[in-house]
Structure formats: C-alpha cells, structure tokens
Undergrad: 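I am attaching a structure below and will ask some questions about it afterwards.
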Amino acid sequence: MDYLNPCNKNQTAKVLERFFYVSNGREYISVIPDEAERITKLPTQEEVKLDSDRAISYARDIILNAGKYKDMDLDEDILKKYTCDLDPLLDKILAINLADILNRQSQYKDNEQLKNVWITSIEELKTDFKKGLEDTPSIPQIIDGIDTSKLVIGMTVKNYKIMCEVLEQPEKGGKARKLQLEDWKRYFDWEKSGQKFIITDVYDTPLTKEDKRKLGNNSIYVKYIEVILLQYLSKQQGFTKTFTKRNWWEMLGIVNEQYGKKSEKELTNLDYKVTPWEVKHFYQRCNKKLEEILFSALNSLRSRKLITYEIQTMIVKWNPQKRCDEYFEATDNQKKQILEVEHYVLHNVMKYEKMVQVFLKFQQQEYYQKVNDLLYEYYGWDHCYKQIKIIYTPEGVREAYPELEAKLQKELLNEKICEVVDENAKNTFQKWQTDYQQWKDEIASRTLVENGKMIPRPRKPFMPEHIDEETYLGAQSILKNELIQIGHKNMVFSTEDFLESNNELDSIFDFTK
C-alpha cells in the first residue's frame with residue numbers, strides 16, 4: 001500500500017507487477033513509467049464493466065499463480081494489455097483494493113479464499129469511503145469536465161457571461177454558443193427570464209446526446225388516456241364535462257383518490273424516510289409530469305376535432321343568506337383583477353420574476369394563501385381555482401373509441417416487441433464479449449506443450465472487432481426503429497411543441513384541488 005501513488009497512471013499494473021517479483025524474491029524493475037494523471041470525469045457503467053472484466057480476471061490469475069512462475073519474467077505486453085489505460089478512477093480504486101488484499105496475506109490457496117478476502121476488503125473500503133463522504137463538507141459535481149457544484153435548483157444567474165464564470169466554461173458566440181447551450185442542457189435545465197437563467201434542475205449524471213429523459217416519451221400514456229377518456233365521454237349525457245385537473249387525473253386512473261388530499265403530516269407518518277421536503281418534492285415532480293401527459297392527450301384529441309377544451313377560472317364566495325359557498329365562473333374583468341393580485345404577490349411581496357421560482361422553492365401554499373387573502377380583502381372572494389371544461393361531439397366520440405382501442409393494443413404489443421429486440425441485441429453482444437474474453441484468457445494462460453505433445457489451439461469465437469458495443473447497439477436500435485417500431489418518428493414528446501400549443505397555461509395552473 002505504501003508504494004501506491006494516487007496521482008499517477010496505471011497503479012493497478014504497478015501493484016501486480018511489484019507483487020509478482022517481490023513475492024518470488026526477485027529484483028523489481030518496473031516497466032510501467034511514472035506518469036501523472038488527473039480524474040476529470042466519472043466512468044459510465046459500461047466503462048466500469050469492460051475495464052473490470054479485463055483487469056480483475058488477470059489480477060486473480062497473477063495472485064493465485066505467481067508462485068508457479070518463479071523462474072519466468074512477467075509478460076510485459078499482457079500486463080499492459082489487461083491492466084494499463086483503465087479508467088483513472090477505477091484504476092485507483094482497484095489498485096487500493098488489490099494492495100489491501102495483498103497486505104492481508106500474500107498467498108491464497110484457491111479462488112474461494114481469495115474471493116472471500118476480496119469481498120471483505122471491498123466492503124471495508126466502501127465503509128471507509130462513506131465515512132469520508134460524511135466528513136467532507138461537499139464534493140464538486142464534475143461531470144465530463146463541467147463543474148455543476150455551484151448550481152442550486154431555484155438559483156438565478158444574471159446572464160450568459162456570469163453563467164460561463166460559474167461553470168468555468170469559455171464564452172462563445174453565434175452558432176457555437178447555441179451548440180454550447182444545447183450541451184449544457186445535458187447537465188442541467190433552466191428557464192429564461194430576459195437574460196437571466198433560472199435553474200430548474202441539476203442532473204446527477206449527464207444525459208447522453210441521444211438521451212431524451214428530460215423530454216420523456218408520453219406516446220403510450222397519451223393513447224391510454226385517449227381511450228379511457230373517449231370511453232368515459234361516450235357514456236355521458238350531453239356534450240360537455242367539467243372537472244378540476246386533479247379530478248380529471250383521478251377519473252382517468254392517473255392518480256388515486258388520496259392524491260392532493262392526504263395531509264403532509266399523514267404522509268410523513270408513513271415512514272421515517274418521508275420528510276416534509278420529500279412530500280413537497282414529490283408533488284413538484286409529479287404535477288409537472290402528469291400535467292404534460294394529460295394535455296398531450298387533450299391536444300391530440302383536439303387536433304382530430306373529437307373534443308375541444310377550455311381552462312375556466314372559478315371564484316368561490318360565501319353567501320351569508322344561503323349560508324353556503326357560491327361558485328361562479330370569472331368574467332374577463334374579474335380575471336384581470338385576479339391577475340393584478342397574482343402579479344403583485346409574485347413581484348412585490350415574494351420578490352420573484354417567474355412562477356417557476358415559487359414552485360422550485362416549495363412556496364406554492366404560501367403564494368396562494370397571500371393571493372387568496374388579498375382577494376378576500378379587496379373583493380370578498382374566499383378563493384379561486386381553475387378547471388378544465390371539455391366539449392365534445394357524442395357521435396364522433398362513440399365512432400372513434402373502438403378504433404383507438406384497437407390501435408392502442410397494437411402499439412402496446414409493438415412496444416413489447418421492441419423491448420425484446422433491444423434486450424436481445426444487448427445480450428448478443430455481451431455473449432460475444434464474454435466468449436471472446438474467455439478465449440483470450442485461455443490463450444494467455446495456456447501451456448503450449450503437455451507430455452511432449454502440442455495442445456490444439458482453441459477455436460477463436462466470433463467477435464466483430466471492427467465495431468464497439470455502443471456502435472453496434474446504436475445501429476441495431478436505428479434499424480429497430482426503422483423496421484419494427486410503429487410510428488417512431490412521431491413518438492417523442494416535445495416540450496417546445498407542447499408549450500407552443502398551450503401558451504395560455506401558466507405555472508399557476510399547478511394546483512392539486
């Protein structure tokens with residue numbers, strides 16, 4: 001362990017090289033040059049797996065069989081091939097792990113004994129690492145060279161120049177800036193307010209350039225909702241139906257009857273892990289996603305002229321004569337009055353520029369309470385809320401329902417087939433890799449002659465050496481999309497298209513009543 005240098009490259013190779021010669025009492029002259037290296041990114045799971053597979057199997061063989069090669073030199077080419085140029089972070093972790101194993105004992109009688117000590121070592125190192133994390137105030141989130149540790153959800157960055165300073169990124173212009181901003185979207189998300197950036201999300205791991213996690217794929221959800229909604233409307237009397245957004249969610253089966261109704265105290269009593277913050281974050285996250293899905297479905301039906309819908313502002317006022325609340329739709333003038341109060345509370349009372357800042361700070365309840373207090377003070381209204389009114393043609397709905405249901409079943413089957421095809425491609429390549437690696441390990445460790453006879457060379461398994469796993473899976477996915485997936489070119493939900501078709505909606509619509 002004392003010979004490790006965490007600042008240098010190829011420490012795993014150094015550990016095994018030293019062990020091979022020192023354990024046999026031989027002079028140790030390293031063939032691995034001392035080269036400094038800095039960790040600039042975290043490895044992906046695929047990188048960890050590939051590097052671990054090639055290094056760990058070699059390390060195991062060296063540890064178990066070093067004593068058999070007393071009069072032989074270590075094959076430098078094989079050492080470098082299997083243990084050099086690993087991911088820098090993995091190399092340091094593996095080197096420490098191996099050094100710890102060899103410090104515990106220098107000889108292992110079999111693979112089972114080595115495996116048990118190896119697992120014990122890993123568990124203890126994990127414990128030490130976690131303790132180190134607890135003692136460390138903060139760890140920079142450096143992902144692919146971009147440090148997002150200074151970004152906090154809800155913070156406002158004054159302009160592009162300051163954002164570059166925060167991220168320690170160069171300022172660019174023209175098309176280069178546009179591409180830079182697109183790349184930033186892989187690491188965090190924001191809303192613009194003039195020149196300002198309001199940070200709405202910071203990702204733990206960056207999205208790949210093809211990853212659409214931040215946009216989502218609502219296609220199947222939308223079709224489910226279309227079918228359920230048309231089935232429901234086909235059984236109603238008249239040609240309109242009005243619910244609050246939360247009640248539409250419940251009717252469609254998107255949420256259960258407790259969503260938005262169970263108190264925060266009741267929810268935090270469910271388990272010690274559920275804190276008030278967890279509850280607020282859950283609603284913040286789910287409301288946004290469920291709203292996207294619902295309005296995607298409504299817009300899809302509206303584009304086919306099966307329905308139209310409108311957002312109604314409702315006012316609730318106490319009637320002392322009847323001793324009950326009265327509900328009525330707001331006039332245009334009353335909507336203006338509500339808007340004036342909302343604007344005043346947002347900008348003058350809470351000192352924010354956009355509603356998204358209220359939601360990111362979990363201050364919805366405080367905001368709406370201040371709005372309602374002023375509405376009562378000025379106009380005597382108890383509160384206001386919004387609801388969705390759907391207008392439809394009964395004949396058109398009843399005619400479209402069976403066709404949509406059949407189409408949904410077809411696409412559900414197609415989606416399952418696509419999943420199977422993707423999984424098969426992944427398993428196929430992994431089997432090629434496993435078989436090929438076993439063949440290489442056997443070639444590297446085999447004896448050419450036994451009892452005076454040449455041992456036949458094992459047959460080389462198939463392995464497409466001209467392409468890597470990412471290229472292979474990418475190509476197979478493209479072909480699957482083109483040849484199997486139904487409607488793939490129109491399957492991805494677009495936030496921009498959604499907002500453009502719903503520009504009358506504001507963040508205030510994020511209610512749970």
Side-chain angles (χ1 to χ4, degrees), residues 1-6 8-26 28 30 32 39 42-72 74-75 78-136 427 430-431 433-447 458:
M1 189 75 79
D2 294 336
Y3 292 99
L4 283 177
N5 185 346
N8 281 0
K9 295 176 65 174
N10 301 323
Q11 293 301 291
T12 298
K14 285 271 194 180
V15 169
L16 293 172
E17 184 186 47
R18 173 175 289 277
F19 168 73
F20 180 88
Y21 287 106
V22 172
S23 65
N24 288 321
R26 299 172 60 190
Y28 167 61
S30 179
I32 307 297
I39 298 173
L42 298 177
T44 64
Q45 287 186 340
E46 289 78 14
E47 289 171 336
V48 170
K49 185 178 186 309
L50 288 173
D51 282 354
S52 298
D53 286 348
R54 68 183 171 106
I56 290 176
S57 59
Y58 177 80
R60 181 186 62 239
D61 290 340
I62 288 293
I63 293 171
L64 290 175
N65 299 311
K68 299 178 182 178
Y69 306 112
K70 275 191 174 182
D71 301 321
M72 297 176 60
L74 190 63
D75 190 317
I78 294 179
L79 172 70
K80 291 176 181 178
K81 182 176 182 179
Y82 283 94
T83 61
C84 287
D85 299 319
L86 303 175
D87 174 88
L89 180 59
L90 177 64
D91 178 57
K92 288 164 179 52
I93 293 173
L94 187 56
I96 293 170
N97 187 204
L98 290 171
D100 180 58
I101 291 169
L102 296 171
N103 279 349
R104 291 168 186 260
Q105 59 189 78
S106 58
Q107 291 184 342
Y108 292 86
K109 61 181 182 180
D110 56 29
N111 187 63
E112 190 64 25
Q113 185 188 33
L114 173 60
K115 177 183 174 182
N116 292 335
V117 175
W118 205 319
I119 291 173
T120 301
S121 173
I122 290 173
E123 291 302 321
E124 290 182 8
L125 289 173
K126 282 167 62 178
T127 301
D128 292 341
F129 179 73
K130 288 178 181 177
K131 187 177 184 304
L133 283 180
E134 293 170 357
D135 297 337
T136 304
N427 291 340
Q430 287 177 348
K431 187 176 187 308
Q433 285 182 317
T434 301
D435 292 347
Y436 189 68
Q437 185 63 50
Q438 289 175 349
W439 176 80
K440 289 201 298 183
D441 291 344
E442 185 176 351
I443 292 296
S445 61
R446 69 193 289 268
T447 303

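Position 1 is the first residue of the sequence; numbering continues from there.
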Undergrad: Take N10 and K80, measure what side chain to side chain contact (heavy atoms under 4.5 Å, CB included) needs, and give me the verdict at the end.
TA: CA-CA 9 Å; N10 301 323; K80 291 176 181 178; over 6 Å; no
Undergrad: First locate atom CG of L94, then atom CG of L16, and finally report the distance between them rounded to the nearest 0.5 Å.
TA: 7.5 Å
Undergrad: When rounded to the nearest 0.5 angstrom, what is the spacing between CD in E112 and CG in N116?
TA: 5.0 Å
Undergrad: From I63 CD1 over to F20 CZ, what is the distance, rounded to the nearest 0.5 angstrom?
TA: 13.0 Å
Undergrad: Check D441 against S57 and note the closest heavy-atom contact, atom names and distance.
TA: OD2-OG, 3.7 Å
Undergrad: Which of these passes side chain to side chain donor-acceptor pair (under 3.5 Å) with T12: N97, D91, D51?
TA: D91
Undergrad: Please round to the nearest 0.5 Å and tell me the distance separating atom CD of Q438 and atom CD of Q433.
TA: 12.0 Å
Undergrad: Can you see which heavy atom on S121 is nearest to which on R104, and at what distance?
TA: CA-NH2, 3.8 Å
Undergrad: Do Y108 and I101 come within less than 4.5 Å of each other through their side chains, counting heavy atoms only?
TA: yes
Undergrad: How long is the gap from CZ on R60 to CG on L114, to the nearest 0.5 Å?
TA: 8.0 Å
Undergrad: Which pair of non-hydrogen atoms, one from W118 and one from I56, has the smallest distance, and what is that distance?
TA: CH2-CG2, 3.9 Å
Undergrad: Let me know which of L79, L86, I78 forms a side chain to side chain contact (heavy atoms under 4.5 Å, CB included) with Y82.
TA: I78
Undergrad: Take L102 and R18 through the side chain to side chain contact (heavy atoms under 4.5 Å, CB included) test and state the conclusion after the steps.
TA: CA-CA 11 Å; L102 296 171; R18 173 175 289 277; over 6 Å; no
Undergrad: Give a yes or no answer on whether the side chain of T434 reaches the backbone of Q430 with a donor-acceptor pair at less than 3.5 Å.
TA: yes
Undergrad: Could you tell me which residues satisfy salt bridge (charged side-chain N to carboxylate O under 4.0 Å, His left out) with K431, sequence neighbours excluded, listed by chain and number?
TA: D435
Undergrad: What do you reckon, is CD of Q107 surrounded by more than 12 foreign heavy atoms closer than 6.0 Å?
TA: no
Undergrad: What closest approach, in Å, do R54 and T83 show between heavy atoms, and which atom pair accounts for it?
TA: NH1-N, 4.2 Å
